[in-house]
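This one's a predicted model, so the numbers in the text were calculated from it and none came from an experiment. In what follows, chains are A, B, ... by sequence order, proteins preceding strands, each numbered from 1. When reading the values below, keep in mind they use all heavy atoms of this one structure, side chains included, and skip hydrogens, waters and symmetry mates.
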Amino acid sequence: MARRPLIRVLLVEDDPDIQLVASLALADIGGLTVEVCGSGRAALSAASSFEPDLILLDVMMPDMDGIAVLQELRARPDTGLTPVVFMTARAQSHEIARYKALGSLGVITKPFEPATLADALRGMWERHAG
Amino acid sequence: VTPGLTALSEAYATALRDYLEHGGEAPLFKAYQIGRSALAAGLGALEVAAVHQEALVKDLLQMLAPEASSETARRAAAFFAEALAPFEANRRGFEEATGVLRGLNQNLERRVEDAVDAYRSARLELDEKRRLESLKDEFVSLVSHELRTPLTAIHGSLGIIITKFGQRLPEEVTRLLEVASRNSHRLRRLIDNILDLEKAESGVLGFDIRTLPLRPMLEQAIDVNQPYAAHFGVQLKLEEVTPGLQVRADGERLMQVLTNLLSNASKFSPAGQTVAVAAQRRGTDVRITVTDRGPGIDEGFRDRVFQRFAQADATAGTPKEGTGLGLSIAKAMVERMQGSIGFDSVPGAGTTFYFDLPAQPAAPAEGATWLGDR
(Lines give C-alpha, C1' and ligand atoms only; values in the text may rest on other atoms or scores of the structure.)
Protein backbone atom coordinates (compact mmCIF):
# COMPACT_ATOMS: atom_id res chain seq x y z
CA MET A 1 0.00 0.00 0.00
CA ALA A 2 1.50 3.28 -1.15
CA ARG A 3 1.94 5.76 1.62
CA ARG A 4 0.02 8.97 1.06
CA PRO A 5 -0.09 12.04 3.27
CA LEU A 6 -2.82 12.79 5.76
CA ILE A 7 -5.16 15.43 4.28
CA ARG A 8 -8.78 15.21 5.40
CA VAL A 9 -9.65 15.20 9.09
CA LEU A 10 -13.13 15.02 10.59
CA LEU A 11 -13.16 16.74 14.00
CA VAL A 12 -15.93 15.59 16.36
CA GLU A 13 -16.22 17.79 19.46
CA ASP A 14 -19.26 19.14 21.30
CA ASP A 15 -17.66 22.19 22.96
CA PRO A 16 -17.80 25.11 20.47
CA ASP A 17 -14.69 26.84 21.90
CA ILE A 18 -12.60 23.72 21.58
CA GLN A 19 -14.06 23.17 18.07
CA LEU A 20 -12.66 26.57 17.08
CA VAL A 21 -9.27 26.10 18.71
CA ALA A 22 -8.77 22.57 17.41
CA SER A 23 -9.91 23.38 13.87
CA LEU A 24 -7.58 26.42 13.74
CA ALA A 25 -4.74 24.26 15.03
CA LEU A 26 -5.40 21.56 12.41
CA ALA A 27 -6.27 23.76 9.41
CA ASP A 28 -4.51 27.14 9.82
CA ILE A 29 -1.39 25.92 11.60
CA GLY A 30 -1.39 22.29 10.49
CA GLY A 31 -2.49 22.76 6.86
CA LEU A 32 -5.11 19.98 6.96
CA THR A 33 -8.58 20.00 5.42
CA VAL A 34 -10.99 19.94 8.33
CA GLU A 35 -14.70 19.35 8.75
CA VAL A 36 -16.23 19.93 12.19
CA CYS A 37 -19.14 18.04 13.79
CA GLY A 38 -20.77 18.88 17.12
CA SER A 39 -22.25 15.47 17.95
CA GLY A 40 -21.75 11.76 17.49
CA ARG A 41 -24.80 11.45 15.22
CA ALA A 42 -23.62 14.25 12.94
CA ALA A 43 -20.23 12.51 12.84
CA LEU A 44 -21.76 9.28 11.53
CA SER A 45 -23.30 10.99 8.50
CA ALA A 46 -20.24 13.21 7.90
CA ALA A 47 -18.00 10.14 8.02
CA SER A 48 -19.82 8.89 4.91
CA SER A 49 -20.23 12.20 3.03
CA PHE A 50 -16.91 13.94 3.85
CA GLU A 51 -14.86 10.74 3.48
CA PRO A 52 -12.15 11.71 5.97
CA ASP A 53 -8.70 10.11 6.05
CA LEU A 54 -8.89 10.20 9.83
CA ILE A 55 -11.45 11.06 12.50
CA LEU A 56 -10.44 12.99 15.65
CA LEU A 57 -13.14 12.02 18.12
CA ASP A 58 -13.91 13.51 21.53
CA VAL A 59 -14.71 10.78 24.08
CA MET A 60 -17.08 12.60 26.44
CA MET A 61 -20.07 13.90 24.51
CA PRO A 62 -23.71 14.06 25.52
CA ASP A 63 -26.17 11.89 23.62
CA MET A 64 -23.70 9.52 21.92
CA ASP A 65 -20.18 9.27 23.29
CA GLY A 66 -17.00 8.65 21.32
CA ILE A 67 -16.88 4.96 22.12
CA ALA A 68 -20.40 4.39 20.78
CA VAL A 69 -19.52 6.40 17.65
CA LEU A 70 -16.40 4.26 17.06
CA GLN A 71 -18.39 1.05 17.41
CA GLU A 72 -21.02 2.31 14.96
CA LEU A 73 -18.34 3.41 12.47
CA ARG A 74 -16.72 -0.01 12.63
CA ALA A 75 -20.04 -1.72 11.93
CA ARG A 76 -20.55 0.18 8.64
CA PRO A 77 -18.93 -1.00 5.42
CA ASP A 78 -17.90 2.47 4.16
CA THR A 79 -16.34 3.65 7.47
CA GLY A 80 -15.27 0.32 8.93
CA LEU A 81 -11.57 0.98 8.25
CA THR A 82 -11.37 4.77 8.77
CA PRO A 83 -8.71 5.42 11.44
CA VAL A 84 -9.95 7.08 14.62
CA VAL A 85 -7.95 9.06 17.18
CA PHE A 86 -9.63 9.76 20.52
CA MET A 87 -9.40 13.10 22.26
CA THR A 88 -10.00 13.09 26.00
CA ALA A 89 -9.61 15.07 29.19
CA ARG A 90 -9.55 11.86 31.21
CA ALA A 91 -6.13 10.55 30.51
CA GLN A 92 -5.44 7.84 33.04
CA SER A 93 -3.10 5.19 31.73
CA HIS A 94 -5.62 2.35 32.03
CA GLU A 95 -8.14 4.43 30.07
CA ILE A 96 -5.63 5.12 27.32
CA ALA A 97 -4.93 1.38 27.14
CA ARG A 98 -8.65 0.74 26.87
CA TYR A 99 -9.11 3.24 24.01
CA LYS A 100 -6.28 1.60 22.12
CA ALA A 101 -7.78 -1.82 22.73
CA LEU A 102 -11.05 -0.56 21.19
CA GLY A 103 -9.18 -0.10 17.93
CA SER A 104 -8.27 3.58 17.96
CA LEU A 105 -5.02 4.75 16.42
CA GLY A 106 -4.06 6.76 19.47
CA VAL A 107 -5.16 9.24 22.11
CA ILE A 108 -4.72 13.02 22.26
CA THR A 109 -5.06 14.33 25.82
CA LYS A 110 -6.59 17.69 26.64
CA PRO A 111 -5.25 20.28 26.98
CA PHE A 112 -3.41 19.65 23.70
CA GLU A 113 -0.64 21.80 22.23
CA PRO A 114 -2.17 23.63 19.23
CA ALA A 115 1.20 24.18 17.55
CA THR A 116 1.88 20.44 17.36
CA LEU A 117 -1.61 18.91 17.18
CA ALA A 118 -1.52 18.29 13.42
CA ASP A 119 1.99 16.83 13.65
CA ALA A 120 0.84 14.47 16.40
CA LEU A 121 -1.95 13.21 14.11
CA ARG A 122 0.45 12.92 11.16
CA GLY A 123 2.81 10.84 13.30
CA MET A 124 0.02 8.41 14.21
CA TRP A 125 -1.14 8.35 10.59
CA GLU A 126 2.31 7.50 9.27
CA ARG A 127 2.91 4.76 11.81
CA HIS A 128 -0.48 3.36 10.85
CA ALA A 129 0.02 3.55 7.05
CA GLY A 130 3.68 2.52 7.18
CA VAL B 1 -4.64 -24.93 89.74
CA THR B 2 -5.61 -28.58 89.94
CA PRO B 3 -5.40 -30.79 86.83
CA GLY B 4 -9.21 -31.04 86.99
CA LEU B 5 -9.61 -27.29 86.65
CA THR B 6 -7.14 -27.03 83.78
CA ALA B 7 -9.00 -29.76 81.88
CA LEU B 8 -12.29 -28.05 82.65
CA SER B 9 -11.00 -24.71 81.37
CA GLU B 10 -9.84 -26.29 78.12
CA ALA B 11 -13.12 -28.14 77.68
CA TYR B 12 -15.04 -24.88 78.02
CA ALA B 13 -12.83 -23.04 75.56
CA THR B 14 -13.30 -25.81 72.98
CA ALA B 15 -17.07 -25.83 73.47
CA LEU B 16 -17.20 -22.04 73.10
CA ARG B 17 -15.10 -21.90 69.95
CA ASP B 18 -17.22 -24.70 68.49
CA TYR B 19 -20.36 -22.70 69.19
CA LEU B 20 -18.98 -19.40 67.90
CA GLU B 21 -17.90 -21.02 64.67
CA HIS B 22 -20.86 -23.26 64.01
CA GLY B 23 -23.70 -22.06 66.27
CA GLY B 24 -26.39 -24.55 67.21
CA GLU B 25 -27.46 -26.22 70.45
CA ALA B 26 -25.03 -29.15 70.85
CA PRO B 27 -21.92 -27.29 72.04
CA LEU B 28 -24.13 -25.35 74.48
CA PHE B 29 -25.46 -28.53 75.93
CA LYS B 30 -21.90 -29.82 76.12
CA ALA B 31 -20.83 -26.79 78.15
CA TYR B 32 -23.71 -27.39 80.52
CA GLN B 33 -22.74 -31.05 80.89
CA ILE B 34 -19.11 -30.17 81.48
CA GLY B 35 -20.13 -27.86 84.31
CA ARG B 36 -22.42 -30.45 85.88
CA SER B 37 -19.93 -33.27 85.79
CA ALA B 38 -17.27 -31.00 87.26
CA LEU B 39 -19.57 -30.21 90.18
CA ALA B 40 -20.47 -33.89 90.56
CA ALA B 41 -16.78 -34.81 90.57
CA GLY B 42 -16.41 -32.66 93.64
CA LEU B 43 -14.96 -29.44 92.33
CA GLY B 44 -16.26 -26.40 94.20
CA ALA B 45 -19.00 -24.34 92.59
CA LEU B 46 -17.02 -21.16 92.86
CA GLU B 47 -13.98 -22.70 91.22
CA VAL B 48 -16.09 -24.07 88.38
CA ALA B 49 -17.76 -20.71 87.92
CA ALA B 50 -14.42 -18.93 87.86
CA VAL B 51 -13.02 -21.26 85.20
CA HIS B 52 -16.20 -20.97 83.21
CA GLN B 53 -16.03 -17.18 83.30
CA GLU B 54 -12.37 -17.01 82.49
CA ALA B 55 -12.72 -19.22 79.44
CA LEU B 56 -15.67 -17.19 78.22
CA VAL B 57 -14.15 -13.79 78.66
CA LYS B 58 -10.85 -14.71 77.08
CA ASP B 59 -12.35 -16.21 73.96
CA LEU B 60 -15.07 -13.66 73.72
CA LEU B 61 -12.76 -10.67 73.75
CA GLN B 62 -10.53 -12.35 71.22
CA MET B 63 -13.48 -12.86 68.93
CA LEU B 64 -14.68 -9.29 69.36
CA ALA B 65 -11.81 -7.63 67.54
CA PRO B 66 -13.33 -4.83 65.37
CA GLU B 67 -13.12 -6.88 62.21
CA ALA B 68 -15.19 -9.72 63.71
CA SER B 69 -18.69 -9.87 62.32
CA SER B 70 -21.65 -8.75 64.38
CA GLU B 71 -23.00 -12.28 63.96
CA THR B 72 -20.05 -13.64 65.96
CA ALA B 73 -20.67 -11.01 68.60
CA ARG B 74 -24.33 -11.92 68.83
CA ARG B 75 -23.54 -15.63 69.11
CA ALA B 76 -20.97 -14.95 71.78
CA ALA B 77 -23.47 -12.98 73.84
CA ALA B 78 -26.13 -15.69 73.45
CA PHE B 79 -23.69 -18.44 74.36
CA PHE B 80 -22.55 -16.58 77.39
CA ALA B 81 -26.06 -15.98 78.69
CA GLU B 82 -27.16 -19.57 78.12
CA ALA B 83 -24.03 -21.24 79.40
CA LEU B 84 -24.23 -19.41 82.68
CA ALA B 85 -27.93 -20.17 83.10
CA PRO B 86 -27.45 -23.67 84.62
CA PHE B 87 -25.29 -22.22 87.37
CA GLU B 88 -27.88 -19.62 88.18
CA ALA B 89 -30.67 -22.17 88.23
CA ASN B 90 -28.75 -24.54 90.44
CA ARG B 91 -29.47 -22.61 93.66
CA ARG B 92 -30.17 -25.43 96.10
CA GLY B 93 -27.15 -25.88 98.28
CA PHE B 94 -25.20 -23.24 96.41
CA GLU B 95 -26.71 -20.04 97.78
CA GLU B 96 -23.39 -18.38 98.24
CA ALA B 97 -22.15 -19.42 94.79
CA THR B 98 -25.27 -18.10 93.16
CA GLY B 99 -24.77 -14.65 94.59
CA VAL B 100 -21.22 -14.51 93.37
CA LEU B 101 -22.19 -15.94 90.01
CA ARG B 102 -24.88 -13.38 89.51
CA GLY B 103 -22.38 -10.64 90.15
CA LEU B 104 -19.95 -12.20 87.69
CA ASN B 105 -22.74 -12.69 85.22
CA GLN B 106 -23.80 -9.05 85.31
CA ASN B 107 -20.24 -7.94 85.07
CA LEU B 108 -19.66 -10.15 82.08
CA GLU B 109 -22.86 -9.05 80.39
CA ARG B 110 -21.79 -5.44 80.77
CA ARG B 111 -18.42 -6.22 79.29
CA VAL B 112 -19.99 -8.04 76.37
CA GLU B 113 -22.38 -5.15 75.76
CA ASP B 114 -19.55 -2.65 75.94
CA ALA B 115 -17.49 -4.71 73.53
CA VAL B 116 -20.40 -5.04 71.11
CA ASP B 117 -21.14 -1.29 71.36
CA ALA B 118 -17.50 -0.43 70.72
CA TYR B 119 -17.49 -2.78 67.76
CA ARG B 120 -20.64 -1.20 66.33
CA SER B 121 -19.47 2.38 66.64
CA ALA B 122 -16.05 1.51 65.19
CA ARG B 123 -17.86 -0.10 62.28
CA LEU B 124 -20.12 2.93 61.73
CA GLU B 125 -17.15 5.26 61.83
CA LEU B 126 -15.32 3.15 59.27
CA ASP B 127 -18.33 3.06 56.91
CA GLU B 128 -18.69 6.83 57.13
CA LYS B 129 -14.99 7.32 56.48
CA ARG B 130 -15.16 5.08 53.42
CA ARG B 131 -18.20 6.94 52.12
CA LEU B 132 -16.48 10.31 52.49
CA GLU B 133 -13.32 8.99 50.82
CA SER B 134 -15.22 7.76 47.80
CA LEU B 135 -17.21 11.03 47.58
CA LYS B 136 -13.94 12.94 47.69
CA ASP B 137 -12.36 10.79 44.97
CA GLU B 138 -15.37 11.26 42.71
CA PHE B 139 -15.33 14.99 43.35
CA VAL B 140 -11.64 15.35 42.60
CA SER B 141 -11.95 13.34 39.42
CA LEU B 142 -14.97 15.33 38.24
CA VAL B 143 -13.41 18.69 39.08
CA SER B 144 -10.19 17.79 37.31
CA HIS B 145 -12.13 16.81 34.23
CA GLU B 146 -14.33 19.89 34.31
CA LEU B 147 -11.27 22.12 34.70
CA ARG B 148 -9.49 20.58 31.75
CA THR B 149 -12.19 21.49 29.24
CA PRO B 150 -12.05 25.30 29.68
CA LEU B 151 -8.30 25.07 30.14
CA THR B 152 -8.03 23.33 26.76
CA ALA B 153 -9.79 26.31 25.15
CA ILE B 154 -7.60 28.89 26.95
CA HIS B 155 -4.34 27.01 26.47
CA GLY B 156 -5.20 26.34 22.81
CA SER B 157 -6.23 29.93 22.02
CA LEU B 158 -3.04 31.34 23.54
CA GLY B 159 -0.94 28.80 21.69
CA ILE B 160 -2.56 29.68 18.37
CA ILE B 161 -2.15 33.43 18.88
CA ILE B 162 1.52 33.02 19.80
CA THR B 163 2.26 30.57 16.98
CA LYS B 164 0.30 32.32 14.26
CA PHE B 165 0.51 36.02 15.09
CA GLY B 166 3.45 36.17 17.50
CA GLN B 167 5.78 37.90 15.03
CA ARG B 168 3.33 40.69 14.24
CA LEU B 169 2.34 41.67 17.80
CA PRO B 170 3.80 44.55 19.83
CA GLU B 171 6.39 43.35 22.32
CA GLU B 172 4.24 44.30 25.30
CA VAL B 173 1.35 42.15 24.06
CA THR B 174 3.69 39.22 23.43
CA ARG B 175 5.04 39.52 26.97
CA LEU B 176 1.55 39.43 28.45
CA LEU B 177 0.58 36.49 26.24
CA GLU B 178 3.62 34.64 27.52
CA VAL B 179 2.55 35.33 31.10
CA ALA B 180 -0.90 33.94 30.31
CA SER B 181 0.54 30.94 28.50
CA ARG B 182 3.01 30.17 31.28
CA ASN B 183 0.21 30.24 33.81
CA SER B 184 -2.03 28.01 31.73
CA HIS B 185 0.86 25.51 31.76
CA ARG B 186 1.05 25.89 35.52
CA LEU B 187 -2.69 25.29 35.88
CA ARG B 188 -2.34 22.20 33.75
CA ARG B 189 0.44 20.88 35.99
CA LEU B 190 -1.71 21.58 39.02
CA ILE B 191 -4.62 19.59 37.61
CA ASP B 192 -2.29 16.73 36.63
CA ASN B 193 -0.84 16.76 40.15
CA ILE B 194 -4.26 16.66 41.78
CA LEU B 195 -5.14 13.66 39.65
CA ASP B 196 -1.82 11.95 40.44
CA LEU B 197 -2.30 12.50 44.14
CA GLU B 198 -5.85 11.27 44.09
CA LYS B 199 -4.82 8.18 42.14
CA ALA B 200 -1.86 7.43 44.40
CA GLU B 201 -4.02 7.72 47.50
CA SER B 202 -7.12 5.95 46.27
CA GLY B 203 -5.12 3.01 44.99
CA VAL B 204 -6.56 3.09 41.46
CA LEU B 205 -3.10 3.54 40.09
CA GLY B 206 -1.43 0.20 39.45
CA PHE B 207 2.05 -0.06 40.91
CA ASP B 208 4.48 -2.25 39.06
CA ILE B 209 6.92 -3.26 41.79
CA ARG B 210 10.19 -4.70 40.52
CA THR B 211 13.76 -5.11 41.68
CA LEU B 212 15.67 -2.07 40.39
CA PRO B 213 19.38 -1.26 40.54
CA LEU B 214 19.36 2.08 42.34
CA ARG B 215 22.40 3.91 41.03
CA PRO B 216 21.23 4.21 37.39
CA MET B 217 17.84 5.46 38.63
CA LEU B 218 19.49 8.19 40.69
CA GLU B 219 21.75 9.16 37.78
CA GLN B 220 18.77 9.41 35.45
CA ALA B 221 16.80 11.50 37.96
CA ILE B 222 19.71 13.92 38.23
CA ASP B 223 20.05 14.18 34.43
CA VAL B 224 16.35 14.79 33.95
CA ASN B 225 16.12 17.43 36.68
CA GLN B 226 19.41 19.23 36.09
CA PRO B 227 17.89 21.76 33.62
CA TYR B 228 15.21 22.70 36.17
CA ALA B 229 17.84 23.10 38.91
CA ALA B 230 19.99 25.20 36.56
CA HIS B 231 17.06 27.59 36.26
CA PHE B 232 17.74 28.41 39.96
CA GLY B 233 21.52 28.36 39.53
CA VAL B 234 21.69 25.09 41.45
CA GLN B 235 23.87 22.04 40.71
CA LEU B 236 22.57 18.49 41.36
CA LYS B 237 25.23 16.04 42.49
CA LEU B 238 25.29 12.30 43.14
CA GLU B 239 27.25 11.50 46.28
CA GLU B 240 27.90 8.25 48.09
CA VAL B 241 25.81 5.29 46.92
CA THR B 242 26.49 1.86 48.39
CA PRO B 243 27.67 -0.30 45.43
CA GLY B 244 25.25 -2.91 44.13
CA LEU B 245 22.24 -1.39 45.91
CA GLN B 246 18.87 -2.62 44.63
CA VAL B 247 15.35 -1.57 45.69
CA ARG B 248 11.87 -2.97 45.32
CA ALA B 249 9.89 -0.18 43.65
CA ASP B 250 7.89 0.99 40.63
CA GLY B 251 10.49 2.67 38.41
CA GLU B 252 8.21 5.36 37.02
CA ARG B 253 6.86 6.28 40.46
CA LEU B 254 10.31 6.23 42.03
CA MET B 255 11.39 8.69 39.31
CA GLN B 256 8.42 10.90 40.14
CA VAL B 257 9.29 10.88 43.87
CA LEU B 258 12.91 11.81 43.06
CA THR B 259 11.79 14.54 40.65
CA ASN B 260 9.48 16.06 43.25
CA LEU B 261 12.17 16.04 45.95
CA LEU B 262 14.86 17.40 43.58
CA SER B 263 12.67 20.21 42.27
CA ASN B 264 11.68 21.10 45.84
CA ALA B 265 15.32 21.18 46.93
CA SER B 266 16.33 23.23 43.87
CA LYS B 267 13.64 25.82 44.54
CA PHE B 268 14.76 26.34 48.12
CA SER B 269 18.50 26.42 47.42
CA PRO B 270 20.40 29.68 47.08
CA ALA B 271 21.98 30.19 43.64
CA GLY B 272 25.45 28.68 43.35
CA GLN B 273 24.68 25.90 45.81
CA THR B 274 24.60 22.13 45.40
CA VAL B 275 21.83 19.62 46.05
CA ALA B 276 23.30 16.25 47.01
CA VAL B 277 21.71 12.84 46.41
CA ALA B 278 22.95 9.76 48.25
CA ALA B 279 21.77 6.24 49.15
CA GLN B 280 22.74 3.73 51.81
CA ARG B 281 21.59 0.37 53.04
CA ARG B 282 19.76 0.61 56.38
CA GLY B 283 18.87 -2.82 57.74
CA THR B 284 16.32 -4.31 55.34
CA ASP B 285 15.71 -0.92 53.72
CA VAL B 286 17.50 1.46 51.42
CA ARG B 287 17.56 5.09 52.50
CA ILE B 288 17.71 7.68 49.73
CA THR B 289 18.54 11.24 50.77
CA VAL B 290 18.23 14.60 49.02
CA THR B 291 20.12 17.33 50.84
CA ASP B 292 19.93 21.06 50.16
CA ARG B 293 21.76 24.05 51.65
CA GLY B 294 18.60 26.15 51.76
CA PRO B 295 17.13 28.11 54.66
CA GLY B 296 15.80 25.00 56.43
CA ILE B 297 12.22 24.41 57.49
CA ASP B 298 10.69 26.66 60.16
CA GLU B 299 9.68 24.97 63.38
CA GLY B 300 6.10 26.16 62.82
CA PHE B 301 5.85 24.64 59.35
CA ARG B 302 7.31 21.21 60.09
CA ASP B 303 4.09 19.33 60.76
CA ARG B 304 2.51 20.69 57.58
CA VAL B 305 5.33 19.89 55.15
CA PHE B 306 3.54 16.91 53.58
CA GLN B 307 0.09 18.47 53.63
CA ARG B 308 -1.53 19.31 50.33
CA PHE B 309 -1.18 22.88 49.15
CA ALA B 310 1.10 23.66 52.09
CA GLN B 311 3.88 25.95 50.90
CA ALA B 312 6.51 27.59 53.00
CA ASP B 313 6.37 31.38 52.59
CA ALA B 314 8.33 32.43 49.57
CA THR B 315 10.20 35.71 49.62
CA ALA B 316 7.74 38.54 49.02
CA GLY B 317 7.51 39.38 45.34
CA THR B 318 8.73 36.03 44.00
CA PRO B 319 5.93 34.16 42.31
CA LYS B 320 5.49 30.65 43.65
CA GLU B 321 6.53 28.17 41.03
CA GLY B 322 5.11 25.04 42.53
CA THR B 323 1.65 23.68 43.01
CA GLY B 324 2.00 22.81 46.70
CA LEU B 325 1.35 19.17 45.91
CA GLY B 326 4.78 17.76 45.08
CA LEU B 327 5.68 16.56 48.56
CA SER B 328 2.18 15.14 49.25
CA ILE B 329 2.46 13.15 46.03
CA ALA B 330 5.95 11.94 46.97
CA LYS B 331 4.67 10.81 50.36
CA ALA B 332 1.62 9.01 48.93
CA MET B 333 3.76 7.22 46.32
CA VAL B 334 6.49 6.19 48.76
CA GLU B 335 3.86 4.78 51.10
CA ARG B 336 2.20 2.85 48.27
CA MET B 337 5.62 1.26 47.66
CA GLN B 338 5.76 0.05 51.31
CA GLY B 339 8.17 2.83 52.24
CA SER B 340 8.27 5.86 54.48
CA ILE B 341 9.37 9.44 54.04
CA GLY B 342 10.66 12.17 56.37
CA PHE B 343 13.13 15.02 56.74
CA ASP B 344 15.79 16.50 59.00
CA SER B 345 16.22 20.22 58.93
CA VAL B 346 18.54 22.72 60.58
CA PRO B 347 17.27 26.31 60.26
CA GLY B 348 19.80 28.32 58.33
CA ALA B 349 21.83 25.29 57.30
CA GLY B 350 19.58 23.22 55.04
CA THR B 351 17.23 20.29 54.85
CA THR B 352 17.61 16.60 54.09
CA PHE B 353 14.55 14.79 52.78
CA TYR B 354 14.88 11.03 52.98
CA PHE B 355 12.77 8.05 52.04
CA ASP B 356 13.20 4.38 52.82
CA LEU B 357 12.23 1.62 50.41
CA PRO B 358 12.54 -2.16 50.85
CA ALA B 359 15.98 -3.34 49.72
CA GLN B 360 16.62 -6.33 47.52
CA PRO B 361 19.57 -8.32 48.89
CA ALA B 362 22.49 -7.69 46.54
CA ALA B 363 23.61 -10.63 44.45
CA PRO B 364 27.14 -11.74 45.45
CA ALA B 365 29.74 -10.44 43.02
CA GLU B 366 30.96 -13.00 40.51
CA GLY B 367 33.68 -15.24 41.88
CA ALA B 368 33.07 -14.26 45.48
CA THR B 369 32.32 -17.12 47.84
CA TRP B 370 31.71 -17.36 51.55
CA LEU B 371 34.78 -19.57 51.82
CA GLY B 372 36.87 -16.54 50.94
CA ASP B 373 36.02 -15.05 54.33
CA ARG B 374 37.70 -17.83 56.29
Side-chain angles (χ1 to χ4, degrees), chain A residues 9 11-32 34 36 38-39 56-62 65-67 85-101 107-122, chain B residues 137-168 177-178 180-208 250-253 255-256 333:
Chain A
V9 172
L11 169 68
V12 189
E13 163 66 57
D14 63 306
D15 186 301
D17 289 344
I18 296 174
Q19 277 178 8
L20 175 65
V21 170
S23 60
L24 281 173
L26 294 172
D28 283 34
I29 297 177
L32 297 166
V34 179
V36 182
S39 76
L56 181 56
L57 183 58
D58 187 27
V59 177
M60 296 259 287
M61 291 185 292
D65 70 10
I67 289 158
V85 172
F86 279 124
M87 188 158 57
T88 179
R90 270 178 204 256
Q92 297 185 18
S93 54
H94 69 273
E95 281 164 330
I96 291 178
R98 183 171 156 246
Y99 299 148
K100 288 195 175 151
V107 179
I108 299 281
T109 57
K110 292 179 184 174
F112 51 79
E113 290 301 330
T116 55
L117 182 63
D119 287 343
L121 291 187
R122 282 198 179 94
Chain B
D137 291 350
E138 253 171 61
F139 176 74
V140 169
S141 172
L142 187 72
V143 166
S144 298
H145 177 256
E146 292 307 312
L147 286 175
R148 267 171 199 266
T149 302
L151 182 60
T152 303
I154 296 169
H155 191 79
S157 301
L158 291 168
I160 286 167
I161 296 171
I162 293 167
T163 312
K164 218 181 147 188
F165 308 104
Q167 305 299 323
R168 282 176 275 156
L177 282 173
E178 276 162 5
S181 177
R182 199 166 57 239
N183 280 281
S184 82
H185 274 286
R186 188 175 159 201
L187 197 52
R188 176 192 182 160
R189 271 204 311 278
L190 185 60
I191 294 168
D192 288 346
N193 281 351
I194 292 174
L195 269 179
D196 280 347
L197 183 63
E198 188 254 344
K199 280 184 284 178
E201 288 184 346
S202 69
V204 174
L205 198 64
F207 275 65
D208 182 15
D250 176 315
E252 203 180 315
R253 301 300 151 200
M255 202 50 80
Q256 191 163 356
M333 298 212 159

**Message:** My understanding is that only one of B:Ile154, B:Leu151, B:Thr149, B:Leu187 makes a side-chain contact (heavy atoms from CB on, under 4.5 Å) with A:Pro111; could you say which?
**Reply:** B:Leu151
**Asked** Under a 4.5 Å heavy-atom cutoff, which of B:Leu147, B:Ile160, B:Ile191 has the most pairs with chain A?
**Response** B:Ile160
**Request:** Taking atom CD of A:Glu113 as the centre, report whether more than 12 heavy atoms of other residues, nucleotides or ligands fall under 6.0 Å from it.
**Result:** yes
**Message:** Among residues at least two apart in sequence or on other chains, which ones pass side-chain hydrogen bond (donor to acceptor under 3.5 Å, both in side chains) with A:Asp28?
**Reply:** B:Lys164
**Complete:** Distance col, row B:Arg188:CZ vs A:Thr109:OG1, nearest 0.5 angstrom, shows 5.5 Å
**Sequence neighbours excluded, every pair satisfying salt bridge (charged side-chain N to carboxylate O under 4.0 Å, His left out) that has a member inside residues 12-22 of chain A** = A:Glu13-A:Lys110
**Complete:** Closest heavy-atom pair, A:Pro114 versus B:Gly156, reported as atoms and distance to 0.1 Å, is CG-O, 3.3 Å
**side-chain contact (heavy atoms from CB on, under 4.5 Å) between B:Thr152 and A:Val21, worked out** = CA-CA 9 Å; B:Thr152 303; A:Val21 170; over 6 Å; no
